[in-house]
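Working notes for the structure below.
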Amino acid sequence: MPAAKIGDTVKVHYTGTLDNGDKFDSSVGGEPLEFRIGDGSLIRKFEEAVIGLQPAEKVSVRVPPEDAYGLKRKDLVASVPKNQLSKDIVLELGMKLQIQTESGEPIVLRIVEINEDSIRVDANHELAGENLNFDIQLVSIS
């Protein structure tokens, strides 16, 4: 039976966890994830972990932040005066807001602190700064 190689379209089941054991994503119990190895649509080390596997084989891989969503950047955290926000918005910790850059590109901000006159928002990806651990099982190669 051939092993998965670059250019193959594969289906995998996976579970992603953080170092503290928290699960952040999983396909188990649902449809397997389908992708083409080497097309760059997924985290590179995730794709590379599948190379050489045959259907039903499993692998575990740990991806450091630098190879996933990057390190947390302090320059992507800022305070915003509440008077710059719509009065219709009910602010909650963890809530996501979307803004547009001057060039029209959307940016998602997560509320990380709510104060009397301002909120603190974070534009880092939620998994920035985290090691990502994946348990992967190859389902099929096509």
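For A49 against V59, the heavy-atom pair with the smallest separation is O-CG1, 3.6 Å. Heavy-atom minimum distance, I6 versus G38: CG2-CA, 4.4 Å. What you find for I43 and D67 is that their closest heavy atoms are CG2-O, 3.3 Å. The nearest pair of heavy atoms linking S140 to P55 is CA-CG, 4.5 Å. For the pair R110 and G94, the tightest heavy-atom approach, listed with the atom from each and the gap, is CG-O, 3.7 Å. Nearest heavy-atom pair across L138 and Q54 is CD2-C, 3.5 Å.
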**Q.** Worked verdict on L53 versus Q137 for side-chain contact (heavy atoms from CB on, under 4.5 Å)
**A.** CA-CA 9 Å; L53 294 182; Q137 180 177 22; over 6 Å; no
Q: Would you check, one step at a time, whether the test side-chain contact (heavy atoms from CB on, under 4.5 Å) holds for N133 with D19?
A: CA-CA 7 Å; N133 304 292; D19 283 348; 3.0 Å; yes
Q: Verify side-chain contact (heavy atoms from CB on, under 4.5 Å) between V50 and I136, making sure each step is shown before the conclusion.
A: CA-CA 8 Å; V50 176; I136 305 167; 4.1 Å; yes
Q: In sequence, state the C-alpha distance, the side-chain angles, and the governing distance for I99 and L109, and then conclude on side-chain contact (heavy atoms from CB on, under 4.5 Å).
A: CA-CA 8 Å; I99 63 168; L109 306 172; 3.8 Å; yes
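Hydrophobic cluster membership is shared by F24 and V61, with clusters built from Ile, Leu, Val, Met, Phe, Trp and Tyr side chains linked at under 4.5 angstrom. A continuous path of Ile, Leu, Val, Met, Phe, Trp and Tyr side chains, each step under 4.5 Å between heavy atoms, connects V80 with L91, placing both in one hydrophobic cluster. Cluster annotation: L85 and I107 are assigned to the same hydrophobic cluster (Ile/Leu/Val/Met/Phe/Trp/Tyr, side-chain heavy-atom contacts under 4.5 Å, transitive). Hydrophobic clustering, with ILVMFWY side chains joined whenever heavy atoms are under 4.5 angstrom apart, keeps V112 apart from V108. In terms of hydrophobic clustering, with Ile, Leu, Val, Met, Phe, Trp and Tyr side chains grouped at heavy-atom distances under 4.5 Å, I111 and L76 are assigned to different clusters.
The structure places CZ of F35 at 5.5 Å from CG of L42, a figure rounded to the nearest 0.5 Å. Here S79 contributes atom OG and Q84 contributes atom CD; the two are 11.0 Å apart, rounded to the nearest 0.5 Å. Note: R73 CZ to D122 CG = 11.0 Å, rounded to the nearest 0.5 Å. Taken to the nearest 0.5 Å, the CG atom of N124 stands 9.5 Å off from the CG atom of L71. Note that CZ of F46 is 5.5 Å distant from CG of L33, once rounded to the nearest 0.5 Å.
With E47 contributing its side chain and I37 its backbone, the two residues share no donor-acceptor pair below 3.5 Å. Under a 3.5 Å cut-off, the side chain of T17 and the backbone N or O of G21 do not form any donor-acceptor pair. With hydrogens and angles ignored, the 3.5 Å screen pairs no side-chain donor or acceptor of E130 with any backbone N or O of L127. The main-chain N or O of K5 is found under 3.5 Å from a side-chain atom of D8 such that the two form a donor-acceptor pair. Under the 3.5 Å distance criterion, the side-chain polar atoms of S26 are matched with a main-chain donor or acceptor of Y14.
By the 4.0 Å N-to-carboxylate-O rule, D117 lies too far from K82 to be salt-bridged with it. Between K96 and E126 there is a salt bridge, since at least one side-chain N of the basic residue sits less than 4.0 Å from a carboxylate O of the acidic one.
Between I89 and M95, the closest side-chain pair of non-hydrogen atoms falls below 4.5 Å.
With hydrogens and angles left out, the side-chain atoms of T15 and D135 include no donor and acceptor closer than 3.5 Å. Side-chain contact check for R36 and T9: no donor-acceptor pair (N or O, by modelled atom type) lies under 3.5 Å.
In the displayed structure, E66 atom CD is contacted under 6.0 Å by more than 12 heavy atoms of other residues, nucleotides or ligands. The environment of NZ in K11 is sparse: at most 12 heavy-atom neighbours from other residues, nucleotides or ligands sit within 6.0 Å. Around the CD atom of E31, the shell of radius 6.0 Å holds no more than 12 heavy atoms that belong to other residues, nucleotides or ligands.
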